[in-house]
*Asks:* 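Quick one: structure below, then a few questions.
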Amino acid sequence: MEFQWLNTFITAADCGNFRRTAELLYISQPSVTVHIKQLEKELGILLFHREGKKIKLTEAGKRYLVHATRLLEVYQHGLEDLTSFSQGYTRKLTLGISPLIADTILPYVLKSYTKQYPDVEISVKIIESVDIEQAILREEVDLGLSCLNSNHPSLLCELLYKDRVILVAPHDGRDAESAPPLDEEEVLTSNYLLTHNHPGYWDLLCRVIKGKFPSVRMMKVSQVHITKRFIVEGLGVSFLPTSTVRRELLEGRLLEVDCHSIQMPEADTYAIMKYDHSKQKEFLRFISNYRL
């Protein structure tokens, strides 16, 4: 049996058409037919019913599709592992990182880590914090960096950082040394407040703000990088973790507004894992030396 036959069979089962299968695999339609006939001969079963130009899995074909998919996955994983080994990698670490955390200095941290540990092949999946827990349970990632705590009994959760949350507004064009400080109430009541770009603190914060400043208009924007773009363009203001706006504050594109009437929340970063193995411990030791 050839794995090319399996690939053709799986693609044909998905397409339901031999012509489309040939186009997707960049082979001729007669080659598709040959692959399927060879596989049927090898297995001693009929895989498809032919209905004109359309094809439909037989009962046996549908049953074998599950096994064919697994066989091809094992084969492909083996090739990937050999490729990694030939490139000098002896270990692999898959990280699940929330978009908000990925928008900090994390790229610099990962670059430093790969230089210090060149034998580790890093894979990064950007996953919303609410979904990281399930990705770890399904073992799709080895370690998650999340904005949300996990109390799942099968997982280990460690608080990595507490980040200060600040109110940020667009630069008003005035000189920072001579201009009077921005007024908290004026900033909040004269702009849209862009909310829910962090999964941890917004619900409570919105209630507090509405209690203090009932006239505040709010607009939900789910991503931090979009929130920052909106603020720079003058579309609103927001409460954001300091780590996510450090560069914009230094470059003068955003301004911090002092808040005295609101108790500011903190933005937490958690490391979540299913197994406390050496590669997870090694990465956590390394990342703990940095301030995200």
*Asks:* Enumerate, atom names and distances included, each donor-acceptor pair closer than 3.5 Å involving a side-chain atom of residues 107-116, sequence neighbours excluded.
*Replies:*
{"residue": "Ser112", "atom": "OG", "partner": "Tyr108", "partner atom": "O", "Å": "3.0"}
{"residue": "Tyr113", "atom": "OH", "partner": "Glu282", "partner atom": "OE1", "Å": "2.9"}
{"residue": "Thr114", "atom": "OG1", "partner": "Leu110", "partner atom": "O", "Å": "3.2"}
{"residue": "Thr114", "atom": "OG1", "partner": "Lys111", "partner atom": "O", "Å": "2.8"}

*Asks:* Enumerate the side-chain hydrogen bond (donor to acceptor under 3.5 Å, both in side chains) contacts for residues 211-225, please, sequence neighbours excluded, ordered by first and then second residue.
*Replies:*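 The answer is Glu128-Gln223.
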*Asks:* Determine the sole option in Thr195, Thr227, Asn197 for which the side-chain hydrogen bond (donor to acceptor under 3.5 Å, both in side chains) test with Ser238 is passed.
*Replies:*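 That would be Asn197.
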*Asks:* Just grab all the side-chain hydrogen bond (donor to acceptor under 3.5 Å, both in side chains) pairs involving residues 59-73, residues at least two apart or on different chains.
*Replies:*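 Sorted pair list comes back empty.
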*Asks:* Excluding sequence neighbours, so at least two apart, what forms ring-ring contact (aromatic ring centres under 6.0 Å, His included) with Phe239?
*Replies:*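 Here no residue qualifies.
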*Asks:* By salt bridge (Lys or Arg N to Asp or Glu O under 4.0 Å), which residues pair with Glu185, not counting sequence neighbours?
*Replies:*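 Result, salt bridge (Lys or Arg N to Asp or Glu O under 4.0 Å) vs Glu185: none returned.
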*Asks:* Show every donor-acceptor pair shorter than 3.5 Å between a side-chain atom in residues 247-262 and any protein atom, with sequence neighbours excluded, or say none if there are none.
*Replies:*
{"residue": "Glu248", "atom": "OE2", "partner": "Lys228", "partner atom": "NZ", "Å": "3.1"}
{"residue": "Glu251", "atom": "OE1", "partner": "Arg253", "partner atom": "NE", "Å": "2.9"}
{"residue": "Glu251", "atom": "OE1", "partner": "Arg253", "partner atom": "NH2", "Å": "2.7"}
{"residue": "Glu256", "atom": "OE2", "partner": "Arg164", "partner atom": "NH1", "Å": "3.2"}
{"residue": "Ser261", "atom": "OG", "partner": "Glu184", "partner atom": "OE1", "Å": "3.3"}
{"residue": "Ser261", "atom": "OG", "partner": "Glu184", "partner atom": "OE2", "Å": "2.7"}

*Asks:* Just by distance, with hydrogens left out, do Glu139 and Tyr275 show a side-chain donor and acceptor under 3.5 Å apart?
*Replies:*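 Judged by distance alone, the side chains do pair up.
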*Asks:* Working to the nearest 0.5 Å, report the span between CG of Asn191 and CE of Met219.
*Replies:*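 Reported value, rounded in 0.5 Å steps: 10.5 Å.
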*Asks:* Taking side chain as C-beta onward, heavy atoms only, is Asn149 less than 4.5 Å from Asp268?
*Replies:*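 A side-chain contact is absent here, since even the closest heavy-atom pair is not under 4.5 Å.
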*Asks:* Let me confirm one number: the OG-CD1 distance from Ser150 to Ile136, rounded to the nearest 0.5 Å.
*Replies:*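 If we round to the nearest 0.5 Å, Ser150:OG and Ile136:CD1 are 7.0 Å apart.
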*Asks:* Can you tell whether the side chains of Lys37 and Glu40 come within less than 4.0 Å, N to carboxylate O?
*Replies:*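 Salt bridge between Lys37 and Glu40, a charged N being under 4.0 Å from a carboxylate O: no.
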*Asks:* Establish, from distance only, whether the side-chain atoms of Ser28 and Ser31 form a donor-acceptor pair under 3.5 Å.
*Replies:*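 Yes, because at least one side-chain N or O of Ser28 sits under 3.5 Å from a partner of the opposite role on Ser31.
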